[in-house]
Amino acid sequence: SEMLAMKRQAHIGFDRIAVGSGHFGMDSLEHSALGAVTITYCDPFTRALIAETLGTAELPWQQPASAKELEQTLAGYADDHDQLQHDMAATQDWFNRMWDEQRLAPQVAEIFEKLM
């Protein structure tokens, strides 16, 4: 699809970055699988659900708490390409280590059920 082709070219992906939206969406997982730095927002409840499901609190996603932090995050990546590449690789590594469709698909579905 055209959207997936665009995502494959992205260095940074966004997903529900408005503070107060509470939880990540599937775009966060797609961006992570493709090795893009993901900027999203997860409230404490959602982070706890993810940690319980994955068995770790480790999340590779950038989670700026304000518009100012978002601006600083993006400016930092614009100024430091090596850091961007490092974080892209770390994001994809996290996904490859943590995501096991057979084990996690039912659990992710359960998370979304709890969030709805």
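Side-chain atoms are counted along with the backbone in the values below, which use heavy atoms only and exclude waters and symmetry mates.
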Which distance, rounded to the nearest 0.5 Å, do you find between the [atom1] of [X] and the [atom2] of [Y]?
X     : Y     : atom1 : atom2 : answer
Met98 : Ser32 : CE    : OG    : 11.5 Å
Trp61 : Tyr41 : CH2   : OH    : 14.0 Å
Lys68 : Thr73 : NZ    : OG1   : 11.5 Å
Thr40 : Gln62 : OG1   : CD    : 11.0 Å
Ile50 : Cys42 : CD1   : SG    : 4.0 Å

* Asked: Taking only residues two or more places apart in sequence, or in another chain, which ones meet Glu52 in a side-chain hydrogen bond (donor to acceptor under 3.5 Å, both in side chains)?
  -> none
* Structure fact -> With sequence neighbours left out, the residues meeting side-chain hydrogen bond (donor to acceptor under 3.5 Å, both in side chains) with Asn96 are none
* Asked: Can Asp87 and Tyr77 be said to form a side-chain contact (heavy atoms from CB on, under 4.5 Å), step by step?
  -> CA-CA 10 Å; Asp87 289 356; Tyr77 285 134; 2.5 Å; yes
* Asked: Taking it one step at a time, do Thr91 and Met88 satisfy side-chain contact (heavy atoms from CB on, under 4.5 Å)?
  -> CA-CA 5 Å; Thr91 298; Met88 289 171 65; 5.8 Å; no
* Might you work through the side-chain contact (heavy atoms from CB on, under 4.5 Å) test for Leu84 and His11, ending with a clear yes or no? => CA-CA 8 Å; Leu84 174 62; His11 290 74; 4.0 Å; yes
Going by heavy atoms in the side chains, are [X] and [Y] under 4.5 Å from each other?
X     : Y     : answer
Thr38 : Phe14 : no
Leu29 : Asp15 : no
Gln92 : His31 : no

* **Minimum heavy-atom distance Ala36-Gly13, with the two atoms named** => CB-N, 4.2 Å
* Asked: Between Ala51 and Ala57, which heavy-atom pair has the shortest distance, and what is it?
  -> CB-CA, 3.8 Å
* List the steps and the verdict of side-chain contact (heavy atoms from CB on, under 4.5 Å) for Gln63 and Glu69. => CA-CA 9 Å; Gln63 298 183 58; Glu69 279 188 31; over 6 Å; no
* To do: State whether Arg47 and Glu58 are salt-bridged, where the test is any N-O pair (Lys NZ or Arg NE/NH1/NH2 against Asp/Glu carboxylate O) under 4.0 Å.
  => no
